Amino acid sequence: MEIAPGVHSVPLDIGGFMGFFAPNVYLLLGERRALIDSGWADEMSRNARLEYLKAQGASTLAYIVITHAHDDHMGGAEGLKKATGGKVVVHRCDAESGRRYLGSKEVDVMVEDGDVLDLGGLELEVIHTPGHSPGHICIYLRPQRILFSGDQIPGMGTTAIAPPHGDMVQYVESLRKLLLWDIQMICPGHGPVIKEPQRKINELIQHRLEREEQVLSGIERGMGTIDELVGEIYPELDERLIPSARGQVLAHLVKLEHEGRVSQFEEGRYARR
Ligand SMILES: [Zn+2]
């Protein structure tokens with residue numbers, strides 16, 4: 001499906017990963033071609049992606065650019081690399097975990113903030129946006145003002161920030177950094193395309209600040225442990241979601257501790273400073 005000139009969302013009609021858990025894979029068509037992210041590793045997803053590439057005359061790729069080294073974004077990289085010859089591109093800080101996903105295979109290209117990948121007629125600018133993972137990157141197409149946001153800005157819901165791998169200070173800083181870019185459309189790693197980028201980014205920052213206030217206010221009222229805070233902030237939470245809620249509360253506590261606003265006066269028990 002073409003979403004802008006030379007920019008396709010590679011559809012996945014079959015396969016078990018639907019809804020929020022279906023990762024988006026994008027195909028960029030310059031004189032040479034690249035994918036942004038590679039989806040899950042399962043054969044059905046991979047074959048469906050390859051079919052689509054073939055139909056677009058894109059059987060060979062220059063790059064497979066990975067926004068971050070998580071299974072749903074990087075799992076398919078090795079298989080797609082074998083089939084298309086695309087070089088696997090990962091930020092230096094995620095390359096180690098990237099190598100783990102790719103088994104013994106090396107990450108082909110390690111990038112840093114500000115690097116540019118030239119497809120001929122299409123330039124991919126790398127923006128380092130740590131937080132969800134240490135080496136998370138977004139990709140910017142300048143003339144088109146399109147941002148590929150990976151999990152930094154999801155098309156729906158919010159992104160899990162799980163310490164120590166995830167870092168809430170960095171995540172919020174990365175959101176603020178993206179506000180400085182002239183973006184007209186965001187193509188996220190999950191969910192639909194975002195047409196009002198500035199509003200979405202501001203909403204995400206606002207959401208995290210509100211959560212942070214809830215954590216602080218809970219602590220002030222004597223709820224000093226993660227479990228007490230989870231019970232307070234998410235009173236009717238489905239049991240299956242408790243581990244991820246604990247992770248989010250911990251991420252806020254780590255941020256607040258880092259900022260000197262709370263401290264642990266005994267292991268696992270927090271108070272205002
Ligand atoms: Zn992720």
Side-chain angles (χ1 to χ4, degrees), residues 9-10 12 15-26 35-42 45-46 49 64-80 88-102 107 110-111 113 124 126-140 147-175 177-178 186-194 200-201 203-205 207-208 211 240-241 243-252 254-255:
S9 177
V10 180
L12 190 59
F17 303 105
M18 306 298 276
F20 185 77
F21 297 103
N24 294 328
V25 173
Y26 299 98
L35 285 184
I36 309 275
D37 281 335
S38 63
W40 294 97
D42 67 289
S45 308
R46 186 180 63 236
R49 313 267 193 217
I64 300 168
V65 184
I66 303 299
T67 59
H68 62 294
H70 287 173
D71 267 338
D72 51 339
H73 299 265
M74 189 163 188
E78 188 178 1
L80 290 172
V88 177
V89 179
V90 182
H91 187 273
R92 182 179 48 82
C93 298
D94 267 22
E96 270 313 307
S97 38
R99 289 203 176 95
R100 248 189 348 259
Y101 283 126
L102 288 173
V107 168
M110 274 198 265
V111 286
D113 188 60
L124 284 57
V126 175
I127 309 175
H128 185 207
T129 51
H132 177 65
S133 78
H136 190 289
I137 56 172
C138 294
I139 297 295
Y140 184 62
L147 184 82
F148 298 90
S149 64
D151 281 356
Q152 174 70 22
I153 302 168
M156 52 188 170
T158 55
T159 292
I161 307 297
H165 178 70
D167 183 311
M168 190 65 80
V169 175
Q170 290 186 335
Y171 179 71
V172 174
E173 268 170 19
S174 291
L175 285 173
K177 175 174 171 180
L178 290 173
I186 296 177
C187 299
H190 299 272
V193 158
I194 297 158
K200 180 74 173 186
I201 296 170
E203 272 172 18
L204 291 175
I205 294 172
H207 170 77
R208 299 297 174 166
R211 273 275 183 274
R240 286 167 295 181
L241 298 176
S244 101
R246 293 184 96 256
Q248 297 314 289
V249 169
L250 175 62
H252 282 292
V254 171
K255 176 173 185 284

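All values derive from a computational prediction rather than experimental measurement. Order of listing sets the numbers, starting from 1, for every ligand and every atom in it.
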Do the ring centers of His70 and His136 come within less than 6.0 Å of each other?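 Here the rings of His136 and His70 have centres that are no less than 6.0 Å from each other.
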Under 3.5 Å, is there a donor-acceptor pair between the side chain of [X] and the main chain of [Y]?
X      : Y      : answer
Tyr26  : Pro188 : yes
His128 : Ser174 : no
Asp72  : Ala22  : no

Atom name, His132 (N, O or S, nearest to the Zn ion (ligand 1)):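 When I compare the N, O and S atoms of His132, NE2 is nearest to the Zn ion (ligand 1).
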If the cut-off is 2.8 Å, does any N/O/S atom of Asp151 fall short of it from the Zn ion (ligand 1)?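 Here the distance criterion (N, O or S atom, under 2.8 Å) is met by Asp151, so yes.
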Can you tell me, to 10 degrees, how wide the angle at the Zn ion (ligand 1) is between NE2 on His68 and ND1 on His70?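 NE2 of His68, the Zn ion (ligand 1) and ND1 of His70 span an angle of about 100°.
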